[in-house]
There are 2 protein chains.
Amino acid sequence: MTDAVTHASAGLAPETAARLRDRIITGRLRPGERLSEARLAAEMSVSRNTLREVFRLLVHEGLLTHLPHRGVSVAVPSMAGVLDIYRLRRLIEIPALAQAWPRHAAVARMGAEVAQAQAAQAAGDWRGVGSANMRFHAGIVALADSPRLTAFFAQAMAELRLAFGLLDDPEQLHAPFLQDNAAIIDLLQAGDPQAAAARLADYLDRSERVVMTAFARREHAAGAGGRGA
Amino acid sequence: MTDAVTHASAGLAPETAARLRDRIITGRLRPGERLSEARLAAEMSVSRNTLREVFRLLVHEGLLTHLPHRGVSVAVPSMAGVLDIYRLRRLIEIPALAQAWPRHAAVARMGAEVAQAQAAQAAGDWRGVGSANMRFHAGIVALADSPRLTAFFAQAMAELRLAFGLLDDPEQLHAPFLQDNAAIIDLLQAGDPQAAAARLADYLDRSERVVMTAFARREHAAGAGGRGA
DNA sequence: AGCGCCTGATTGTTCAACAATCAGCCCCGC
DNA sequence: GCGGGGCTGATTGTTGAACAATCAGGCGCT
């Protein structure tokens with residue numbers, strides 16, 4: 001499992017995009033940081049042209065922002081953006097879950113994700129908990145059986161994760177919500193999607209409040225020099 | 001109003017993308033047609049590199065498909081794709097309309113689009129009717145006040161329009177639905193978003209049926225040599 | 001007739017160059 | 001002393017050409 005060149009059967013640009021995406025999500029590249037084409041191209045051992053292609057990809061995913069003639073920088077999550085994404089999540093996840101077929105194939109995957117999240121929690125791997133949680137909610141969207149919606153949602157969640165990366169305390173962020181996921185699965189398998197959807201709505205409200213609170217606190221203390229992680 | 005170089009303040013690649021998008025939507029480039037990089041680059045007077053950037057954009061929008069080492073072609077709309085998009089429309093448009101604030105700024109825009117569509121209908125400009133209709137439904141989505149959702153929906157509608165382009169009879173496609181739009185506006189302004197949403201749901205069912213019927217007929221007659229338009 | 005190889009064409013990637021634009025700075029005039 | 005104009009250096013935007021990798025189709029060989 002070397003970090004370099006896992007296996008680039010999909011072409012160099014997508015692989016480089018994945019590497020850069022990882023750097024952004026793990027926080028090695030900080031929001032607002034400017035990305036010089038020449039420097040980064042040399043550092044990642046790809047040509048400037050290929051890197052530009054990568055940039056287009058990640059800009060479209062919302063992880064980078066592009067200003068004409070001023071280059072690209074890592075997107076800085078805004079409170080407006082976080083609010084927008086939670087509005088999205090309500091609009092998409094709740095109906096998807098409410099009208100779900102309880103024996104849908106995605107339900108099994110969601111159960112697996114809950115187990116994986118619990119395992120990661122036991123191992124103290126908070127990043128893993130977050131990943132599993134996101135895949136769980138991607139599973140909810142998959143219940144709607146729309147490839148386009150699934151792709152779009154994954155993109156929005158990646159952007160949300162960017163905001164998570166800004167916050168300090170990943171444990172407090174994800175831990176209280178693991179039981180919600182388990183409860184949602186139970187209600188769904190019990191044949192009561194409406195109750196599951198209600199529980200999901202409640203989860204979204206609480207999750208949003210936690211994130212927004214932490215976000216506002218951080219934004220308030222922005223000039224105080226307290227840098228996260 | 002020259003077709004060439006409206007004003008390229010946004011850079012050459014986005015402008016070229018717009019030109020190519022227009023060629024696709026208007027049907028000058030037929031679905032399935034292969035797009036040679038070198039030939040098209042010369043024809044549009046841009047470099048191969050820039051054209052590649054354009055390709056990435058339109059591939060992500062769903063208007064082009066890319067096969068490794070075999071180049072890009074105009075996407076061929078599938079029945080599965082059309083079904084997916086209508087599933088999307090139900091999932092997005094109906095809740096957006098149902099929980100709409102009747103005095104939302106987008107309502108005025110929607111009214112204007114209805115008027116514009118009627119004007120285009122009177123002028124026999126069926127492409128204009130289609131465009132206005134799409135902007136009308138984009139307005140419905142705008143009621144949800146989510147920039148991300150709005151962008152995503154616009155993309156899906158562009159893809160749907162690709163499927164419309166395959167069908168022969170644009171009049172039959174859009175004409176019967178103009179009154180639906182007007183009724184939706186009326187119900188919304190009368191303060192009854194629920195009724196408006198119900199009407200929208202009905203519209204979506206009928207619209208989908210018309211499109212799918214025409215689509216199936218065309219697909220059935222594919223080998224018969226009857227080419228459309 | 002069936003199979004593999006070779007050839008031509010197209011795509012994928014890189015490199016180097018030039019034009020256009022931006023940010024910061026100095027110099028000049030008031 | 002202070003503000004404005006223009007210059008300078010750096011970065012991005014775009015182009016063209018080159019080379020490697022891959023695919024499609026035809027050819028000859030067995």
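Since the structure is predicted, the reported quantities are computational estimates derived from the model, not experimental observations. Numbered from 1 within each chain, the chains take letters A, B, ... in sequence-line order.
Taking atom CD on E53(A) and atom C1' on dT14(D), their separation rounds to 15 Å, with Å as the unit. For N49(A) and dA18(D), the CG to P distance is 16 Å, given to the nearest whole Å.
For dA24(D), the OP1/OP2 oxygens have a side-chain nitrogen or oxygen of R70(B) closer than 4.0 Å. Phosphate proximity of dG12(C) to R52(B): present, with a side-chain N or O under 4.0 Å from OP1 or OP2. Proximity of R48(A) to the phosphate of dT14(C): no side-chain N or O atom is located under 4.0 Å from OP1 or OP2. Residue H66(A) has a polar side-chain atom (N or O) positioned under 4.0 Å from OP1 or OP2 of dG13(D). Between T50(B) and dG13(D) there is no side-chain N or O to OP1 or OP2 distance below 4.0 Å.
Judged as a side chain to side chain donor-acceptor pair (under 3.5 Å), and not counting sequence neighbours, the contacts of R161(A) are S131(A).
Checked against the 6.0 Å centroid threshold, H137(A) and F177(A) do not count as a close aromatic pair.
Separation of atoms CG (L40(B)) and CZ (R23(B)) is listed at 6.0 Å; rounding is to 0.5 Å.
In plain terms, the two heavy atoms of P95(B) and L91(A) that are nearest each other are CB-CD1, 3.8 Å. What you find for R127(A) and I25(A) is that their closest heavy atoms are NH1-O, 4.0 Å.
Here E208(A) does not pair with R89(A) in a salt bridge; the nearest charged N to carboxylate O distance is not below 4.0 Å.
Out of dG13(D), dC15(C), dT14(D), the shortest distance to the side chain of H69(A) is found at dG13(D).
Residues of residues 33-45 of chain B that place a heavy atom closer than 4.0 Å to DNA chain C, in numerical order, are R34(B), L35(B), S36(B), E37(B).
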